[in-house]
Amino acid sequence: MSSAETGRRVIIFALGGTIAMSASPTGGVAPTLTAEQLVAAIPGLADNSVAVEVVDFRHMPGASLKISDITALADAIDQRLADADGAVVTQGTDTIEETAYLLDLLHTAPQPVVVTGAMRNSTLAGADGPANLLAAIQTAAHPKFRGQGCLVVLGDEIHAARRVRKTHTTSPATIQSPNGGPLGYIVEGHPRLLNQLPHRAAVPTAPGDDIRVAIITMALGDDGTTLQAVGDHVDGIVIAGLGAGHVPAQTVPLLETLADKVPVILASRTGAGSTLQATYGFPGSERDLISCGLIPAGYLDPIKARILLLTLIAANCDRAAITAAFGAEGGYRDTETWPWPTNLDKDT
Ligand code: ASP
C-alpha cells in the first residue's frame with residue numbers, strides 16, 4: 001500500500017456470493033465463508049497499514065438478495081462510515097450491477113463504497129476473491145476516491161456503479177462499463193483514478209420490496225401479449241427496446257395506454273449506447289414512443305433503469321420529475337435537471 005492509505009480504516013460488509021462460497025455438503029458450492037475468513041485469505045493484508053473491520057451482513061447468493069437487503073445495507077454503511085475512510089461490500093456478481101447502483105443512489109457521504117465479488121470460488125485454482133477484495137480495500141482506503149460514490153472493483157478495474165454491467169457468465173473479466181469504460185485501475189497495488197463521472201446523484205427515499213417495476217424485452221414479432229399480461233399489475237415498466245429504442249408497431253397503442261397510467265421507460269436491449277430521441281420517424285420508433293409518453297433511459301441499460309425508477313416511484317415523483325431524473329442520469333440532459341442536490345462530492 002502507498003502512504004496515501006496509511007493509517008486509514010475500512011469497514012467490510014459481507015453479503016455472500018461466489019467470493020464467500022466453498023464446498024457444500026449437499027453438492028456444489030454455497031456461501032459459507034465469513035467476512036473474517038475472506039480477509040484472512042488475502043496474503044499480506046495483516047502486514048499493511050489499513051485497519052480493517054468486518055461485518056457479516058448476509059450470507060446469500062446474489063440472486064436472492066432483495067431491495068430491502070440493500071436499503072438496510074445502505075443504512076448500516078451510513079452509520080458506520082462516520083468513523084471510517086471507506087466501506088467495502090462483498091457479494092455475488094449476479095446482481096452486482098443492481099445493488100451497486102442502488103447503493104450509489106442512496107449514498108450521500110464522501111467516503112467511497114466499493115463493491116466487489118469473485119467469479120472463481122475458493123475451491124478453484126486461481127480463485128479471484130482475495131485479489132479482488134484487496135483491490136477493493138485499497139480503493140476504499142485511498143483519499144482520491146472520496147466523492148466518487150459507489151464503485152465496483154473486480155479484475156483490477158474500478159468501475160462507476162451507474163455504468164457497470166456483468167457481461168459474461170463465467171469470465172473473471174465479466175465486469176465492464178460498455179459506456180465510457182472503467183474510471184480507473186489498480187496498478188502495482190495502487191488505485192489510479194483516470195476518469196470521473198460528470199455528477200453524483202442521490203435520491204431522498206429508499207424503495208421497499210413492494211414496488212413492482214417490470215422489465216419487458218421486445219423481440220422479433222412481439223404482439224404485446226406479455227406486456228398486456230403484466231401491464232395492469234405493476235407500478236412502472238421498463239421497455240428493453242430494439243436498437244436505439246424501437247418496438248414493433250403493433251405494440252404502440254398498448255404502450256400509449258400504459259404510459260397514461262404508469263411511468264414507462266424506454267431503454268435499449270443492445271447492451272451499450274444511448275437511446276435516441278429524434279432520429280427515426282416510423283411507427284414504433286423512439287420519436288413515436290416519446291410522443292406517446294414513454295421516457296427515454298439514455299445510457300442507462302434496462303437493469304439500471306429499473307433501479308432508478310424504483311427509487312423515483314418511492315419518492316412519489318411526478319412525470320416531470322421522472323423525466324428530468326432520467327435525462328440527468330441517462331446523460332442526455334443537463335445534470336442540473338436532477339430533482340435533488342447534486343453537490344455530494346463536497347467534503348463536509
Ligand atoms: N456467480 C455469482 C457470483 O459471482 C453467484 C452469486 O451471485 O451469488 O457470486
Side-chain angles (χ1 to χ4, degrees), residues 12-42 54-74 76-77 87-104 113-137 139-140 150-178 182 186 209 215 271 301-304 306-307 310:
I12 301 174
F13 295 84
L15 270 61
T18 294
I19 191 169
M21 293 198 194
S22 62
S24 146
T26 53
V29 292
T32 54
L33 302 178
T34 64
E36 198 68 59
Q37 288 172 304
L38 297 185
V39 168
I42 304 175
V54 295
V55 180
D56 281 300
F57 197 75
R58 298 283 186 275
H59 253 117
M60 300 169 102
S64 292
L65 289 168
K66 293 195 202 128
I67 295 287
S68 53
D69 291 312
I70 303 309
T71 58
L73 175 64
I77 290 173
V88 167
V89 176
T90 61
Q91 70 151 90
T93 58
D94 287 358
T95 48
I96 207 165
E97 61 204 279
E98 289 153 275
T99 60
Y101 188 41
L102 183 52
L103 285 172
D104 192 47
V113 174
V114 181
V115 189
T116 192
M119 291 301 289
R120 296 192 186 123
N121 68 70
S122 67
T123 69
L124 298 176
D128 51 339
N132 287 340
L133 181 52
L134 178 58
I137 293 168
T139 305
C150 182
L151 303 161
V152 174
V153 169
L154 253 98
D156 282 345
E157 293 188 346
I158 303 164
H159 295 264
R162 190 186 307 162
R163 296 181 178 163
V164 74
R165 302 192 68 178
K166 181 168 184 175
T167 63
H168 194 282
T169 53
T170 56
S171 167
T174 182
I175 293 299
Q176 292 181 22
S177 297
I186 315 288
D209 292 323
I215 300 176
D301 62 46
I303 293 170
K304 304 280 190 213
R306 173 176 170 268
I307 294 293
L310 287 172

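Bear in mind that the values here come from a model prediction, so they are computed numbers and not experimental data. As the structure lists them, so they are numbered: ligands from 1, and atoms in each ligand from 1.
Side-chain atoms of T18 do not come within 3.5 Å of backbone N or O of M119 as any donor-acceptor pair. The closest donor-acceptor contact from the side chain of R165 to the backbone of G271 lies under 3.5 Å. Formation of a donor-acceptor pair under 3.5 Å by the E157 side chain with backbone atoms of L154 is not found in this model. In this structure, T174 contributes its side chain and K166 its backbone to no donor-acceptor pair below 3.5 Å.
In summary, the side chains of T116 and T90 do not present any donor paired with an acceptor at a separation below 3.5 Å, with no hydrogens or angles considered.
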When you pair each N or O of ligand 1 with protein N or O atoms, which pairs come out under 3.5 Å?
unit_1	atom_1	unit_2	atom_2	d
ligand 1	1 (N)	T18	OG1	3.4
ligand 1	1 (N)	D94	OD1	3.2
ligand 1	4 (O)	T18	OG1	3.2
ligand 1	4 (O)	T93	N	3.2
ligand 1	4 (O)	T93	OG1	2.4
ligand 1	4 (O)	A118	O	3.0
ligand 1	7 (O)	G62	N	3.3
ligand 1	7 (O)	T93	N	3.4
ligand 1	7 (O)	D94	N	3.1
ligand 1	7 (O)	D94	OD2	3.4
ligand 1	8 (O)	G62	N	2.7
ligand 1	9 (O)	T18	N	2.7
ligand 1	9 (O)	T18	OG1	2.9
ligand 1	9 (O)	T93	N	3.1

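With sequence neighbours excluded, the residues forming a side chain to side chain donor-acceptor pair (under 3.5 Å) with S177 are H159, listed by chain and number.
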